[in-house]
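To keep things clear, I will list the structure first and then write my remarks on it.
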Amino acid sequence: MAEEFKNEVTLESLQEEIKKLKREKNSLDSQLRTNQLLIERYKKIQVAFDNYKLFKEKEQAILDRNIGLFLKYSPSITFLVNKIGYIVFSTDALIGALRLESFKEIYNHSISELTVEIVDRNWSVKLDQTIKETERSLKSISYFDRITFDDTKYYECEINIVPVIVDGDYDGDLVLITDNTEIINQRKKAEVASRAKGDFLANMSHEIRTPMNAIIGMTNIAMSSKSTERKEYCLDKIKEASVHLLGVINDILDMSKIEANKLETFKQSFDFEKMVIKTANVINFKVDEKKQEFLVNIDHDIHRQLISDDQRLAQVITNLLSNAVKFTPEYGKISLAITKIFESEQDLVLKIAVKDTGIGITDEQKARLFTSFEQADGSISRKFGGTGLGLAISKSIVEFLGGLITVESNQNEGSTFIFTTVLEKDFTTKPSKLVDKDVNWKNLRVLAVDDAFEIREYFLDIADALGFNCEVASDGFGACLMAEAHRKDPYHIVFIDWRMPGMNGIELANKLRDITNSALVMMISSTEWAEIQDQASNAGIVKYVPKPLFSSQIVDIINQCLGNDQIVTGDDLLFTNLIGKLEKYTILLAEDILINQEIVQSALEDTKIKIECADNGKIAYQMFANHPEKYDIIFMDIHMPEQDGYETTLKIRALDIPKAKSIPIVAMTANVFKEDVERCLAVGMNDHIGKPLDFEKIMEKLKLYLNLNKEDKQ
């Protein structure tokens, strides 16, 4: 057997077997490598799948988060209803509008069920009907509607209903409700404002053309008339129309500055009562025309010298008083009351009230009373005139000065406009003396006769404040009885009103002259003195005090009559006092418009001051450079051909002449804004006078810069 086996297993077979086994091994190794590659690829696929799965989960989380944010913060009410009209999806805006806590409370409910108690039923019925219509037509529907909650709060909404189509079949509706209330309200406001501005422009055309027509018409009449009286009448009307036109222009300019947030104030020291007196004088002639009663009452303990923008303050008071006169019928009553409501060491707060017995204001009119370009009622501008800007401007000025303005009024019961303002006390400027030390105030006996209770009370208040004896009578008959009773101890001064029932002031003055010749009789009246001067003088009346009354004016009259006349106040005396002091001086007037040269020359003609004119800045510069010693003051226009006022001033100041640095240069220009004044000062001018020219301002500047308190020219 061994031999047989030996014969069968040969070397070749074994080698062949080994080769076979190697081939099988190589095949297995190849299969193993293939399987390993497959395992590695599977692992990569698994990782990629896991990453993809994680990405999708994150993507879904972000999507869910964004959907949640959309549902929560979307301002529009958006919801999805199924085929039978039940809500299956919505934004949180719907949940909030329905005053619910969560979506669960509205899921699978109809909008009608949810709104039955809080929303107008007609709205929800219309919405349901529209949803059914989209189901029938499979077309989107949009419409506008008002949603009213609890019969009080409402929203103007745009409603869009879009049918949802899935695989060609109707599956419900998407409802989008957008609140357009604010947009609609703003649009309405814009439309109202646009109409108001349109009405304003039409009114402005009327307000500007009316005085212009009067100016042109009266000028033509004056030129063709040979009568001096007729010419004077025309000139008065031209002046009146010009003042009105200037007021219209000033209102427009002020309103433009307010609209551009460029309203400026100029705070300076001023005598408060004098400011009020000037303001009251502006409307006195209107008061007299309508035979109205005008009373002014100022607290006696208000600090006299104050710091604020007195021109702006006067503008507000003038606006309110002008309105009071305009809207109050003849024989009505107007009052201006100024009271102190707070005072510290440095500041004080005043309450200024203008009261009238006019047409009054309804609650609806009050709502737009202080609005730009509007009056309380459109018909008011047609009936009473005016720009409709006065109160809006006044409100802005008052607020700019740190105060508030309000109105108390009922229709046909008059109005009271009240505003507050904060002012500083000025302790550096010494106020003029109020009382004369040479008047024996304790022994002074005064009788005041007026049918107005407020006037009598006013005299008693002044007497109490200054410590003199004062008695009052309500009519001429009572005054005569009181004068009879004081024959042995007569009154020193008697103030009598001109217009009184039963016995007027002239008649009373004649009666008093028969009773006593020792009393000095003063007339108090809102009527112009020129109208009654002859009658008054013949009746022995020695002085005239215009209404409304002011304590300083009454005291000045007493000082002048019983003292040494040390106190002479009033801007009307400024011109008289300067007449004899100006003829030694020369003005260089740089002005390119001939009529403006003539106005200045005519205004100053009686003062005999010499005026030399230059038609432009270049000529003015040469005139001064050639003869600097000749001129004492320069009035400088700004807008001139060849060389303007700014350049001219700079060149004059640059001259190597001592007087070039010291000569007063005063701008005389229509550029009156704050930046214009500042630019004038910046180039070396000393002061500024605005056009149209105020003659009193010119005289004030001459007195200030020519140092006219000295007798001789330095």
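In this text the structure is predicted, and so the values were computed from the model without any measurement.
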From CA spacing to verdict: side-chain contact (heavy atoms from CB on, under 4.5 Å), Leu369, Gln365
CA-CA 6 Å; Leu369 196 60; Gln365 292 168 344; 5.5 Å; no
Leu401 and its side chain to side chain contact (heavy atoms under 4.5 Å, CB included) partner, picked from Leu423, Val422, Thr421
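Single pass found, and it is Thr421.
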Between [X] and [Y], is any pair of side-chain heavy atoms under 4.5 Å apart?
{"X": "Asn596", "Y": "Val600", "answer": "no"}
{"X": "Tyr491", "Y": "Thr516", "answer": "no"}
{"X": "Ile352", "Y": "Ile317", "answer": "yes"}
{"X": "Ile307", "Y": "Gln268", "answer": "no"}
{"X": "Phe294", "Y": "Val325", "answer": "no"}
{"X": "Ile558", "Y": "Val555", "answer": "no"}
{"X": "Met522", "Y": "Val542", "answer": "yes"}
{"X": "Phe342", "Y": "Asp347", "answer": "no"}

Can any side-chain N or O of [X] pair as donor or acceptor with the backbone N or O of [Y] at less than 3.5 Å?
{"X": "Arg456", "Y": "Ala448", "result": "no"}
{"X": "Glu273", "Y": "Ser552", "result": "yes"}
{"X": "Arg445", "Y": "Pro490", "result": "yes"}
{"X": "Arg499", "Y": "Ser525", "result": "no"}
{"X": "Lys291", "Y": "Tyr331", "result": "no"}
{"X": "Lys610", "Y": "Glu583", "result": "yes"}

Salt bridge check: are [X] and [Y] linked by an N-O gap of less than 4.0 Å?
{"X": "Asp310", "Y": "Lys274", "result": "no"}
{"X": "Asp299", "Y": "Lys340", "result": "no"}
{"X": "Asp450", "Y": "Lys547", "result": "yes"}

Would you name the heavy atoms of [X] and [Y] that are closest together and state the gap between them?
{"X": "Thr328", "Y": "Lys290", "value": "O-NZ, 2.6 Å"}
{"X": "Arg513", "Y": "Ala539", "value": "NH1-C, 3.7 Å"}
{"X": "Leu706", "Y": "Tyr585", "value": "O-OH, 3.6 Å"}
{"X": "Ser409", "Y": "Lys366", "value": "O-NZ, 2.7 Å"}
{"X": "Leu512", "Y": "Ile496", "value": "CD1-CG2, 4.4 Å"}
{"X": "Met500", "Y": "Gly476", "value": "CE-N, 4.4 Å"}

Just how far is it from atom [atom1] of [X] to atom [atom2] of [Y], taken to the nearest 0.5 Å?
{"X": "Phe459", "Y": "Glu471", "atom1": "CZ", "atom2": "CD", "result": "14.0 Å"}
{"X": "Lys286", "Y": "Leu321", "atom1": "NZ", "atom2": "CG", "result": "10.0 Å"}
{"X": "Lys239", "Y": "Cys234", "atom1": "NZ", "atom2": "SG", "result": "15.5 Å"}

Stepwise side-chain contact (heavy atoms from CB on, under 4.5 Å) check, Thr219 with Met223
CA-CA 6 Å; Thr219 301; Met223 291 176 67; 4.0 Å; yes
So for atom [atom1], which belongs to [X], do other residues, nucleotides or ligands contribute more than 12 heavy atoms lying within a distance under 6.0 Å?
{"X": "Lys351", "atom1": "NZ", "answer": "no"}
{"X": "Lys237", "atom1": "NZ", "answer": "no"}
{"X": "Lys691", "atom1": "NZ", "answer": "yes"}
{"X": "Ile595", "atom1": "CD1", "answer": "no"}
{"X": "Lys511", "atom1": "NZ", "answer": "no"}
{"X": "Glu330", "atom1": "CD", "answer": "yes"}
{"X": "Leu481", "atom1": "CG", "answer": "yes"}

Give the ring-plane orientation class for Tyr458 versus His300, where under 30° counts as parallel, over 60° as perpendicular and anything between as tilted.
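Tilted: the ring planes of Tyr458 and His300 meet at 30° to 60°.
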Report the C-alpha distance between Phe419 and Lys395 in whole Å, list the side-chain angles of each, state the deciding distance to 0.1 Å, and finish with yes or no for side-chain contact (heavy atoms from CB on, under 4.5 Å).
CA-CA 9 Å; Phe419 74 92; Lys395 180 176 184 291; over 6 Å; no
Does Ser602 have any side-chain contact (heavy atoms from CB on, under 4.5 Å) partners at least two apart in sequence or in another chain, and if so, which?
none
Asn323: what forms a side-chain contact (heavy atoms from CB on, under 4.5 Å) with it, not counting sequence neighbours?
Lys326, Phe327, Leu391
Taking it one step at a time, do Leu348 and His303 satisfy side-chain contact (heavy atoms from CB on, under 4.5 Å)?
CA-CA 9 Å; Leu348 60 88; His303 194 84; 4.1 Å; yes
For Phe272, the ring-ring contact (aromatic ring centres under 6.0 Å, His included) test, sequence neighbours excluded, returns none
